[in-house]
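Here's the structure, in structure tokens; my notes come after.
Naming convention: chains lettered A, B, ... in sequence-line order (proteins, then strands); numbering from 1 in each chain.
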Amino acid sequence: MIGSAIAAAAASTKQRDRNFFLNLLKSCTNLAQLNRTHAQIILNGLRKDLITITKLTHKLFDFKAISQAKLLFTSLSNQIAPDKFLYNVLIRGFSQKESPLDSLSIFAHLRNKTALKPDNFTYAFVVSAVSSPGFEKVGILLHGNVIASGFSSDPFVGSALVDMYMGFSEISSAYKVFEKIPERDTVLWNTMVSGLVRNCCFYEAVSVFRDMVVGGSQFDSTTLAVVLTATAELQELRTGMIIHGLALKANCHFHDHVLTGLVSFYSKCGDVVDAWLLFGLIRKPDLISYNAMISGFSCNNETESAVRLFKELLVSGEKVNSSTIVGLIPVSSPFGLLDLAHTVLGFCVKCNMVSNSSVSTALVTVYTRLNEMESARQLFDESPDKSLASWNAMISGYAQNGLTEMAISLFRKMQLLDIHPNPVTITSILSAIAQLGAPSLGKWVHDLIKKENFESNIYVSTALIDMHAKCGSIAEAQRLFYAMPEKNDVTWNAMISGYGLHGHGHEALSLFHEMLDSGVSPTGVTFLSVLYACSHAGLVEEGKKFFHSMTHDHGFKPSAEHYACMVDLLGRAGKLENALEFINKMPIQPGPGEWGALLGACMIHKDSNLACFVSDKLFALDPENVGYRVLLSNIYSVDRNYPQAASVRQVVKKRNLAKTPGCTLIEMNGHPYVFKSSDRSHPRVTAIYAMLEKLMGKMIEAGFQTETITAFHDVEDEEKELMVKVHSEKLAIAFGLIASEAGAEIRIIKNLRVCLDCHNFTKFVSKITERVIVVRDANRFHHFKDGLCSCGDYW
DNA sequence: CTAGGGTTAG
């Protein structure tokens with residue numbers, strides 16, 4: 001029809017008027033039609049008609065013909081004087097094609113080179129052009145212009161301003177603008193809600209929506225769709241269902257956007273069945289709806305369905321974006337779906353998407369979750385422009401997989417390239433340092449935090465508390481904790497578990513009550529941390545009471561970890577029978593956690609009969625785990641049953657089960673030194689071994705029989721060699737003694753649990769050298785002083 | 001018949 005209209009126009013020699021072309025322009029549905037119409041406009045002498053040109057320019061932007069629009073403007077601007085309308089179309093056009101600089105330069109031209117006055121349209125467009133991070137300065141300047149020109153209460157300009165501040169993550173400025181606008185229309189409210197959602201302020205988004213409804217403002221399908229995503233993130237089942245009700249009443253229920261919002265809401269709340277049903281009601285499912293459903297399946301562990309839908313999307317030829325890949329991440333983690341990751345990667349390579357920074361970041365995340373660190377690093381190295389998010393993905397991947405040195409060295413590289421970290425980077429790197437237990441690195445990062453002004457960030461300061469506690473300075477952690485003006489549940493948990501780590505059970509308990517008084521609700525982790533603290537401080541009765549109160553007063557359903565902690569509490573205190581009874585009475589099937597805790601208790605209390613029984617359970621549950629076998633072998637050793645110990649070790653060896661090699665870290669004058677078992681690589685190796693020999697000699701003199709010395713009878717050669725090996729912590733302590741001033745505290749960190757022999761050795765050394773020795777092992781801190789250890793020999 | 005330009009968004 002349109003084609004024939006154009007044909008008629010071309011065939012006719014009769015001059016067409018402006019109105020004819022305006023209608024024709026309006027009905028163009030693609031660029032080719034538009035170009036033909038443009039030709040006709042020229043033929044009909046309307047080339048310089050401002051009104052026709054304005055509409056034409058507008059249409060060119062609609063079809064994303066941005067360079068053509070630019071060309072048209074530059075070629076005409078010295079022949080005709082553009083008016084405000086044309087300027088406005090250009091400013092909007094560029095702003096929507098994401099070339100804010102072009103928008104700004106047109107705006108500047110309008111202000112400086114013409115006598116035209118910008119109006120509310122102009123400001124709405126130019127403000128929305130600069131609504132992304134990086135334009136803060138010019139954005140605030142424009143806000144000043146808006147006020148000066150008297151447009152601050154215009155709803156269109158107001159919405160644009162609110163959106164702009166939301167884009168800068170200046171939430172409070174956005175609120176200020178919003179509150180100053182008396183007439184709040186639906187779009188303004190929507191701008192607030194969606195801005196809050198974009199900034200992950202989901203709770204605030206829901207609360208603004210509530211104000212909107214209570215205040216009687218009209219909402220629309222956009223409002224509902226957006227606020228649904230907030231309830232999805234919050235897993236606010238009640239609120240989400242109320243909104244679903246509102247959608248039904250307002251007849252918005254069948255809007256595709258609302259349905260998509262409902263899909264993410266129900267799936268994030270665990271109701272994937274309803275989500276799938278609603279997904280089926282979407283008339284024209286597009287990428288966003290698919291993404292919502294795929295991520296819905298994957299966060300509910302419905303791997304097969306997620307993969308099926310993903311493949312369906314692939315074969316449909318529909319484009320996939322970074323959100324699709326990001327949505328698949330939960331699927332790839334617990335199931336080790338390496339195949340899927342490779343499929344995704346293959347697809348991304350084919351579509352040339354790997355160079356897209358958010359896709360490559362997502363892929364890096366997928367591979368780090370699968371603990372495929374080499375693949376992740378390769379992807380990272382090959383991505384052409386690395387965003388801060390990609391750096392963070394790689395660094396936190398290393399930190400989460402225990403590759404702390406890699407995390408730190410990558411962070412160093414970042415520093416060298418002068419790439420500034422953000423709070424996310426800092427939080428990951430602090431976690432790495434906490435795992436490593438390197439206080440000198442901690443100080444370095446702490447200074448950096450001050451320099452970058454991240455101290456007030458709650459994530460950063462919480463990570464700092466955790467780092468200080470895990471690096472041994474519980475006092476510093478405590479100081480930081482009480483200096484924090486605002487604390488969240490994680491902050492409290494970090495401090496409580498810090499106390500537990502150092503064996504300060506009473507402090508942990510009293511901090512828990514402080515937490516309750518402060519109004520922050522405890523989480524599962526809080527209860528776990530308190531139980532852990534009770535267990536490591538030998539507070540059996542308190543722990544039992546606490547466990548009871550957790551279920552009865554706080555209505556918490558204990559998880560497997562809580563049960564394991566209780567077994568640990570009982571077992572550690574020597575109540576092995578009670579611990580076994582507790583396991584047998586558990587309402588859920590006992591798993592490796594509970595049996596493992598009991599096996600640990602058997603080790604401490606030298607009950608090899610029970611250990612044998614428990615081990616059988618464990619080997620059946622988790623045949624690949626080496627730790628349990630090592631533990632069992634140690635139990636036999638402690639019991640002087642060396643042939644049995646050796647035979648357990650033989651199984652480990654025969655089945656090729658890899659054992660984590662032990663190592664110990666010590667810092668001397670700000671330098672970290674790592675010792676492996678029987679290490680001879682240190683430059684002062686001779687002095688270290690001499691010191692060790694001297695100490696061992698004194699120990700025998702004093703009547704300390706070390707476990708290894710008595711162990712030499714009837715042991716096979718191979719086993720003997722294993723026992724004769726000097727554990728890394730002994731080397732580190734000997735080095736600490738010769739490299740530090742007399743009386744100085746010695747701090748070491750061991751990656752595995754300290755063995756009985758080394759524990760005895762350290763107690764003895766602390767006595768004869770009059771040193772405080774602080775040892776962090778895989779589980780906790782040991783403070784050795786005057787021949788005693790803070791763990792009370794239960795660890 | 002005086003024409004051409006709006007802000008948010010699953």
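Distance CG (A:D185) to P (B:dA9): 14 Å, rounded to an integer number of Å. Per the geometry, CE belonging to A:M192 stands 19 Å off P belonging to B:dT7, to the nearest Å. Distance NZ (A:K268) to P (B:dG10): 13 Å, rounded to an integer number of Å. Spacing between atom CG of A:D17 and atom P of B:dA3 amounts to 14 Å, rounded to whole angstrom units. The distance from atom CD1 of A:I53 to atom C1' of B:dA3 is 15 Å, rounded to the nearest whole Å. A:R283 places its CZ atom 15 Å from the C1' atom of B:dG10, with the value rounded to the nearest Å. Atom-to-atom, CG of A:D154 to C1' of B:dT7 comes out at 9 Å; the value is rounded to the nearest Å.
With hydrogens and angles left out, the side-chain atoms of A:N291 and A:T324 include a donor and acceptor closer than 3.5 Å. Side-chain contact, A:S295 with A:S298: no donor N or O sits under 3.5 Å from an acceptor N or O.
Using a distance-only test at 3.5 Å, with no hydrogens or angles considered, no donor-acceptor pair links the side chain of A:K180 to the main chain of A:S152.
A:D83 comes within contact range of at least one nucleobase, with a heavy-atom separation under 4.0 Å. Residue A:R92 is classed as a sugar-phosphate contact, given heavy-atom separations below 4.0 Å to backbone atoms only. As judged by a 4.0 angstrom heavy-atom cut-off over every strand, A:V89 is placed among residues touching the sugar-phosphate backbone only. Within the nucleic acid shown, A:T57 has no heavy atom closer than 4.0 Å to any nucleic acid atom. Nucleic acid contact class of A:L50 (heavy atoms, under 4.0 Å, all strands): base. Within 4.0 Å (heavy atoms only), A:Y87 reaches no atom of the nucleic acid at all.
A side-chain contact (heavy atoms from CB on, under 4.5 Å) with A:F265 is found for one member of A:D271, A:L237, A:I243 and no other, namely A:L237.
Residue A:R198 places at least one side-chain N or O under 4.0 Å from the OP1 or OP2 atom of B:dA9. Using a 4.0 Å cut-off, no side-chain N or O of A:H58 falls inside it from OP1 or OP2 of B:dA3.
Taking the side chain of A:N120 as heavy atoms from C-beta on, and the options B:dG6, B:dT7, B:dG10, the nearest nucleotide is B:dG6.
Contact annotation: the side chain of A:F254 approaches that of A:R283 to within less than 4.5 Å [non-hydrogen atoms, C-beta and beyond].
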